[in-house]
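Taking it in order: structure first as structure tokens, then the write-up.
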Amino acid sequence: MTALMHAVLSNRPPIVRRLLGLGADLKARAANGKTALQFAKEKGFDGCVAAFRQHFAVDYEAANAKRDAEAKARGEALLAEIEAEEAKARAKKGKKKKKKSKGVVGSSDAGPSQEPHAPADEAEEAEMEAPAVAREGEAEGEAERPPAALQE
């Protein structure tokens, strides 16, 4: 039996909170296969169960905050990458316009360019203009859920 289990079986919520905060093993099982949380629920020790709920709520808030920060960083990196690609495409397009505007030296009726049309350039431009699509599971507002053991 673990210290957390002893605290639960003694119905000592402050000690349970302290042990949880120090990283007590929540998955540890007694000889009968039960966890500390299962003991608390079985014995009807609401204060101990509340300590577990509070601990899980703090953990999930921290996990959600971390996930949100990582998602924001990925979004900003993708946005910077897209902007760099768009700037590169604009620069490339600007070079083509300069090249076409120079024309042939000595000829007053230059006419249409003899260069073949590049469909690959159009495909690149269309790809850059397409909106970014969020990956599945990264929708805004999607929160982590606590384990089923805590849901009533």
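Small disclaimer: the values here were computed from a predicted structure and weren't measured.
Applying the salt bridge (charged side-chain N to carboxylate O under 4.0 Å, His left out) rule to pairs touching residues 12-37 yields Lys34-Glu42, sequence neighbours excluded.
Contacts of Leu79 classified as side-chain contact (heavy atoms from CB on, under 4.5 Å), with partners at least two apart in sequence or in another chain: Glu83.
Contact record, Met5 with Ala30: CE-N, 3.4 Å, taken as the closest heavy-atom pair. Contact record, Cys48 with Ala40: CB-CB, 3.9 Å, taken as the closest heavy-atom pair. When all heavy atoms are compared, the tightest approach of Phe39 to Val8 is CB-CG1, 3.9 Å. In terms of heavy-atom proximity, Ala7 sits nearest to Val16 at CB-CG2, 3.8 Å.
The only member of Leu37, Leu4, Thr35, Leu19 that meets side chain to side chain contact (heavy atoms under 4.5 Å, CB included) when paired with Leu26 is Leu4.
A distance of 8.5 Å separates CG in Asn11 from CG in Asp46, rounded to the nearest 0.5 Å.
At a threshold of 4.5 Å between side-chain heavy atoms, the hydrophobic network of Ile, Leu, Val, Met, Phe, Trp and Tyr places Met1 and Phe45 in two separate groups.
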